[in-house]
Each structure stands twice: as structure tokens, then as C-alpha cells.
Amino acid sequence: MDELRIRIYQRPLRPYTSAVRKAGGNRAALAESHEIRLRCATEHLPERPLTQYGLARMMREVCETVGVTGGSDVVEWMPDAAGNFHGLEP
């Protein structure tokens, strides 16, 4: 689950960093760089990445992966992790 969560967070980083670079955020003064980075973040980074990906989708994919790598009976023994995401759903 942790690997999938990290991939969800990392996926939009390349477009964000590319936009910052193109906008000159790496060469600008601090205040201007901050504004550039905020603008690029608003355009390229999801506000709630796990929620937008879908918590149910994420849980389903993790269970499918565990079932393939560890056997389908392993999924039955996995604890319910949904409580760890309390507060992420709108």
C-alpha cells in the first residue's frame, strides 16, 4: 500500500517541477520564486491526491496485488486499513 501511495504523490511532481523550471522559479528572487511555485502547484499538483485517485480504488488495487504476490487467502487475513484514511474523504 505504501508503494502505491508514494506513486500517487510522485506522479504529478515531474509536470510541476518542469513548470517551475520553465517559469524561471529556480532563478527568481525568493518572493517571486514563491509566487511561481504556488502558481505551478495550483496548476499541476492535486489538492487531495489520495481522494482524487480514489481510496476504494487504491484499496482494491492493493488487495489485487497482494492476492497475486502472496496468494488470495492472504487478502482475507489483511487488517482493514480504511480507518487509516479517516478524514480524507469529503
Side-chain angles (χ1 to χ4, degrees):
M1 179 176 288
D2 208 34
E3 289 176 21
L4 177 58
R5 182 184 56 80
I6 290 168
R7 279 196 312 267
I8 292 167
Y9 281 116
Q10 286 179 334
R11 190 172 291 130
L13 289 180
R14 180 167 283 153
Y16 164 75
T17 55
S18 177
V20 168
R21 217 175 293 117
K22 287 179 185 176
N26 293 338
R27 297 178 306 277
L30 182 60
E32 183 184 358
S33 175
H34 179 69
E35 290 300 320
I36 290 170
R37 291 171 190 278
L38 282 176
R39 187 173 60 249
C40 291
T42 301
E43 291 177 28
H44 297 283
L45 299 177
E47 192 172 320
R48 300 176 73 155
L50 297 180
T51 302
Q52 288 173 305
Y53 188 83
L55 298 177
R57 175 183 171 195
M58 189 170 88
M59 297 299 290
R60 185 176 61 252
E61 289 178 15
V62 167
C63 287
E64 289 169 0
T65 302
V66 169
V68 169
T69 60
S72 59
D73 59 328
V74 172
V75 174
E76 295 176 26
W77 292 95
M78 289 176 57
D80 182 7
N84 296 322
F85 299 101
H86 178 72
L88 291 178
E89 292 287 359

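Everything quoted here is computed from the prediction, not taken from an experiment.
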Identify each donor-acceptor pair in which a side-chain atom of residues 8-28 lies under 3.5 Å from a protein atom, sequence neighbours left out, and give them as a table.
residue : atom : partner : partner atom : Å
T17     : OG1  : L13     : O            : 3.1
T17     : OG1  : R14     : O            : 3.1
N26     : OD1  : R37     : NH2          : 2.8

For residues 50-63, the salt bridge (Lys or Arg N to Asp or Glu O under 4.0 Å) pairs (sequence neighbours left out) are R57-E61
Using a cut-off of 6.0 Å, state whether more than 12 heavy atoms not belonging to E47 lie near its atom CD. no
Remaining members of the apolar cluster that contains I36, side-chain heavy atoms under 4.5 Å: none
Which residues share a side-chain hydrogen bond (donor to acceptor under 3.5 Å, both in side chains) with E35, sequence neighbours left out: none
